[in-house]
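Remember, it's 1-based here, ligands and their atoms both numbered in the order they're listed.
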Amino acid sequence: MKNMTDFPSQAPLLEVTGLETAFEIDGELYNAVDGVSFNVKPKQVLGVVGESGCGKSVMSLSIMQLLPKGIGKIRNGQITFNGQSLEKLDDKKMNKIRGKDIGMIFQEPMTSLNPVFTIGFQLAESLHNHFKLSKKEARGKVIELLDQVGISRPERVVDEYPHQLSGGMRQRVMIAMAIACKPKLLIADEPTTALDVTVQAQILELLQGLQETNDMAIILITHDLGVVAETCHEVLVMYAGEVVERADVVTLFENPKHPYTELLMRSIPRLDEEEEKLASIEGIVPSLKNMPRQGCKFVDRCPKAMEECRTITPRLSENLPGHEVRCLLYETSWNREGMSAK
Ligand code: SF4
């Protein structure tokens with residue numbers, strides 16, 4: 001496991017403060033990301049964990065300013081990258097940052113790769129957007145990138161179409177596209193979920209290698225704590241749009257506090273098991289329209305829930321230095337007798 005002591009006093013590369021991202025449903029706004037704050041230091045790998053519907057992907061789309069127009073919007077909060085406020089940038093300025101300074105890869109490469117163009121054409125296009133290269137130079141650079149992400153015979157693959165490649169190779173192409181401009185930050189949203197176990201391990205190894213050689217920070221979004229253990233320095237556990245626990249990876253695995261984190265830990269599959277990874281957590285994340293207005297959002301699924309959890313809203317508070325938890329079990333500032341937060 002990686003250690004956070006590698007980043008003692010560095011200024012953050014990305015700072016997210018009080019982020020609230022809402023979606024409009026039937027004329028009303030509902031927060032899919034509800035007051036999330038965190039930072040990422042240069043070369044740090046931050047894991048963001050939680051089931052589908054916890055707000056992880058909406059959070060990353062907010063950072064990239066890629067929310068569906070007219071439906072999703074940032075209501076509150078600041079996103080500062082390299083000293084620049086991203087939420088205030090217009091499309092043109094944000095386009096310059098996307099790809100060049102911040103790269104992104106998604107779970108299903110086929111949705112991001114265009115089936116009618118060759119791999120070489122698509123990779124060269126993302127290079128053209130940021131650098132002025134001749135056709136010959138771009139082709140050479142594309143072959144070099146394909147080689148860097150471990151694609152064998154890159155001079156042949158450069159002329160192939162996405163459907164001619166395996167899922168693992170397509171994901172390598174997406175990674176090549178995302179790192180083409182050597183971004184300072186890579187956001188990887190479930191990059192291995194659609195792949196089989198062996199290929200998953202290879203892709204994670206590739207990302208780790210690139211993080212070190214390119215001195216890149218990574219936000220790794222996943223539902224799988226097993227993936228986090230191998231790759232990340234620090235972890236945010238998200239539930240229903242909120243951070244419910246934050247700690248460095250060693251602390252989180254040695255001393256998980258939040259009941260949701262404990263359940264996620266128990267659902268990490270052993271190498272010889274192929275069952276559904278989150279099968280042991282009963283129930284589902286409440287939908288945006290059915291989110292509890294007060295109390296703990298995890299209450300209906302929590303094996304440790306108390307009566308008070310329905311009426312008192314827990315706050316994210318520091319349990320130990322650098323270890324934050326959002327759970328009444330660890331809050332001292334509420335009064336059991338009066339059942340109210342002080
Ligand atoms: Fe469970 Fe209550 Fe803690 Fe929520 S506040 S996680 S319901 S014990």
Arg310 meets the side-chain hydrogen bond (donor to acceptor under 3.5 Å, both in side chains) criterion, sequence neighbours left out, with Asp300
(request) Give a yes or no on whether Gln164 atom CD has more than 12 heavy-atom contacts from other residues, nucleotides or ligands under 6.0 Å away. (result) yes
Report task. In plain terms, say whether Asp159 and Arg139 are close enough for a salt bridge, that is, a side-chain N and a carboxylate O under 4.0 Å apart. Result -> yes
**Item:** NZ/NE/NH1/NH2 to OD/OE distance under 4.0 Å, Glu137 and Lys141
**Value:** no
His223 side-chain N/O to Ser52 backbone N/O, donor-acceptor pair under 3.5 Å
no
**Asked** Does a salt bridge link Glu51 with Arg301, judged by any charged N lying under 4.0 Å from a carboxylate O?
**Response** yes
Residue shell for ligand 1, any heavy atom closer than 4.0 Å, reads His258, Pro259, Cys296, Val299, Cys302, Lys304, Ala305, Cys309, Cys327, Leu328, Leu329
